[in-house]
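Down below is the structure, laid out as structure tokens.
We number each residue from 1, following the sequence as shown. None of these values were measured; they are calculated from a predicted model.
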Amino acid sequence: MKDNPRLALVALVALFALAFSIPGQSQKRFSDRQKAAQCKKIKSACRHAWRGYKKYAPGFDALKPISKTGHNWYGISFLMTPLDAYDTFYLLGLNEEAKEAKEMVISGLTFDVDQEVQLFEINIRLLGGLLSSFELSGDKQFMVLAEDLAARLLRAFNSPTGMPYRFVNLKTGKTRDSLSNPAEIGTYLLEFGKMTEYTGDSTYYKTAKKAAFEVFRRRSDNDLVGTTIDVNTGEWQNTESQIGARIDSYYEYLFKAWLLFGDKDCKLAWEIHNRAIKKHLLTEVPSGWYFTRVDMKSGKETNSLYGSLDAFYSGILALAGDTAMAGKIQKGNFFMWTAFNIEPEEFNFRTNRVTNPSYLLRPENIESCFYLYRRTKDQEYLKMGQRMISDILKRCRTKAGFAAIKNVNTYELSDSMESFFLAETLKYAYLLFAPENTLDLRKVVFNTEAHPFRITNYEL
Ligand code: DMJ
């Protein structure tokens, strides 16, 4: 080496790099300029989506970005897109768009209608949206609507067990469908907790907590819950345990009720479930770590399926401080994104066969990058997010907005732009690259539709 100055220099550089490298941190850092460029792109995507909605679907729940028309979930519109998008516009500094969205909501939204609605979706998108809009803007008109809606939703919990029916008529209070699931039973703690905070009426949080704990107390000896339960009898109808559709946000809200309200019962319940999930569901295969599906009683694998909804769990783990495990799972999430061009709704992680090839513009994978980056500052998560955002902007953009993908292998589009694309996907994408003070995770907790709720240390 003494005789070879070039080799000596290389060795010195390598040693220097080793001495100053931080474990788990990629070497190449994103500059402030690169981050600002990402934010600019995402803001322009938001404007594009909103312009399309305003032009082709004003007043509807959602835009159909290929046929350039509007779509309502029910007989009438509940203005899902403007209400879901308002706080995204607000946080991104899109003031004109925020003003327009707010005007639509305030002038057009009413809940005094003879219409049956799905409790879960109306709660996370509309009640969640109204509460965060109120907290951000301070405009009481949002709270007036929230109070009216929450009182109507409360009637869905009038079942023999206290677990809510899936549907409730907003005018008559008539309920329907007792075959429900942990997510549709346990995802009210944050919104109803906030209602108790603002109205002083403890019924809201008590009702939401009773429902969630009726699920919890029916967990198996393995501390797992199943996928379908009858709210009239309390009997499990489908005992498959997993972390995706129909269960996901039940776990999420137990943990977040602890973060938002300091509820120790929820913390304990979350810890018990999280331990069981890691013990019985977490599985390693050559492409990474995934959560499998098992029978809640026997713990035996039922289906090795994983999908875009499951990807949220690494974000929750990161938020809870388990960044090592979260990082392993995020590698699997990123494999799922890159291996099939864009993530499929669901694939079999043992055979790598896609079992549902759609991509519905879902946020969970980027959401987990956001939490992991905030907790670790590892540039790897910025790189992952950059790749995902670039794929979405390239593959899903249409003249009128952004479209879901019918088949990730062919990139064939489908005529849908769900309101969570503006509420969640673009919001998390922006926050991943934005300065941290845009949104301080010590001060807010996101509901499952990415509506930020302020931590006020309110004693419930
Ligand atoms: C959203 O409506 C919520 O995040 C929900 O908890 C799960 N699914 C969608 C987004 O994928």
Side-chain angles (χ1 to χ4, degrees), residues 38 40-89 92 94 96-98 100-105 108-109 118 121 124-126 129 307-309 337 340-345 356-367 385 387-430 449-451:
Q38 284 295 317
K40 203 172 154 200
K41 254 193 228 170
I42 296 153
K43 274 172 99 160
S44 127
C46 271
R47 279 199 205 95
H48 178 67
W50 180 243
R51 264 198 304 269
Y53 170 81
K54 271 192 313 179
K55 184 159 180 199
Y56 301 111
F60 281 84
D61 278 330
L63 166 72
K64 293 178 93 173
I66 297 175
S67 58
K68 297 183 181 163
T69 51
H71 159 75
N72 284 335
W73 284 34
Y74 307 105
I76 47 149
S77 171
F78 288 106
L79 296 160
M80 300 258 182
T81 294
L83 183 47
D84 240 0
Y86 172 78
D87 57 19
T88 300
F89 296 151
L92 271 62
L94 295 169
E96 195 50 38
E97 287 76 4
E100 292 165 353
K102 179 175 158 181
E103 271 167 21
M104 276 191 194
V105 170
L109 192 55
Q118 190 184 354
E121 295 290 353
I124 65 169
R125 299 189 200 214
L126 300 189
S308 55
L309 285 165
W337 190 282
F340 309 105
N341 303 320
I342 243 182
E343 70 178 4
E345 181 70 355
N356 180 342
S358 58
Y359 170 63
L360 306 180
L361 298 169
R362 288 201 191 278
E364 288 77 5
N365 217 327
I366 298 178
E367 173 184 354
R387 163 72 193 267
M388 295 182 206
I389 292 159
S390 139
D391 284 344
I392 294 171
L393 300 189
K394 188 160 133 203
R395 309 283 178 210
C396 305
R397 193 181 160 107
T398 69
K399 285 213 171 91
F402 289 87
I405 294 181
K406 201 176 278 174
N407 188 330
V408 293
N409 298 305
T410 59
Y411 301 127
E412 188 190 347
L413 296 175
S414 69
D415 200 10
S416 151
M417 185 180 86
E418 277 274 3
S419 65
F420 57 66
F421 180 62
L422 274 162
E424 299 191 69
T425 314
L426 292 177
K427 187 186 283 142
Y428 286 124
Y430 180 84
E449 189 78 359
H451 295 305

Q) Does some side-chain heavy atom of R395 sit less than 4.5 Å from a side-chain heavy atom of V408? A) no

Q: Please round to the nearest 0.5 Å and tell me the distance separating atom CZ of R51 and atom SG of C46.
A: 11.0 Å

Q) Looking only at atom types and distance, does a side-chain atom of K43 sit under 3.5 Å from a main-chain N or O of L94, one as donor and one as acceptor? A) no

Q.
Taking L422's backbone N and O only, do any of them form a donor-acceptor pair with T88's side chain (distance below 3.5 Å, no angle check)?
A. yes

Q: To the nearest 0.5 Å, tell me how far T69 OG1 sits from K64 NZ.
A: 5.0 Å

Q. Would a distance-only check, ignoring hydrogens and angles, find a side-chain to backbone donor-acceptor pair under 3.5 Å from Y56 to I66?
A. no

Q: For salt bridge (charged side-chain N to carboxylate O under 4.0 Å, His left out), just list the numbers for E418 and R125, CA-CA rounded to whole Å, side-chain angles, deciding distance to a tenth of an Å, and then say yes or no.
A: CA-CA 11 Å; E418 277 274 3; R125 299 189 200 214; 2.8 Å; yes

Q: Using a 4.5 Å cut-off on heavy atoms from C-beta on, say whether the side chain of F421 contacts that of L360.
A: no

Q. Do you know the tightest heavy-atom contact between N356 and S358?
A. OD1-OG, 3.0 Å

Q | Residue pair W73 / E121, side-chain heavy-atom distance below 4.5 Å | A | yes

(Q) Pair L92, L426 - check side-chain contact (heavy atoms from CB on, under 4.5 Å), show working. (A) CA-CA 10 Å; L92 271 62; L426 292 177; 5.8 Å; no

Q | Sidechain-backbone polar pair: K427 side chain, A423 backbone, donor-acceptor under 3.5 Å | A | yes

Q.
Assess, by modelled atom type and distance only, whether the side chains of E100 and W50 contain a donor and an acceptor separated by less than 3.5 Å.
A. yes

(Q) Closer than 4.0 angstrom, basic N to acidic O: yes or no for R362 and E345? (A) yes

Q. Between E96 and R47, is the closest basic N to carboxylate O distance under 4.0 Å?
A. no

Q. Taking C-beta and beyond as the side chain, do L361 and C396 meet within less than 4.5 Å on heavy atoms?
A. yes

Q. So, do M104 and Y53 sit near enough that their side-chain heavy atoms are less than 4.5 Å apart?
A. yes

**Q.** Spatial distance of atom CD1 (I42) from atom CD1 (I366) [nearest 0.5 Å]
**A.** 8.0 Å

Q.
Within the structure provided, determine whether S419 and E449 are in side-chain contact (heavy-atom separation under 4.5 Å).
A. yes

Q) Has the side chain of T398 got a donor or acceptor atom that lies under 3.5 Å from a matching backbone atom of A400? A) yes

Q.
Quick one, H451 and D84 - any side-chain contact, counting heavy atoms below 4.5 Å?
A. yes

Q. Under a 4.5 Å cut-off applied to non-hydrogen side-chain atoms, are Y428 and E364 in contact?
A. no

Q: Apply side-chain contact (heavy atoms from CB on, under 4.5 Å) to the pair Y359 and W337, showing each step before the final yes or no.
A: CA-CA 10 Å; Y359 170 63; W337 190 282; 3.8 Å; yes

Q) Short question: side chain of N72, backbone of D61 - any donor-acceptor pair under 3.5 Å? A) yes

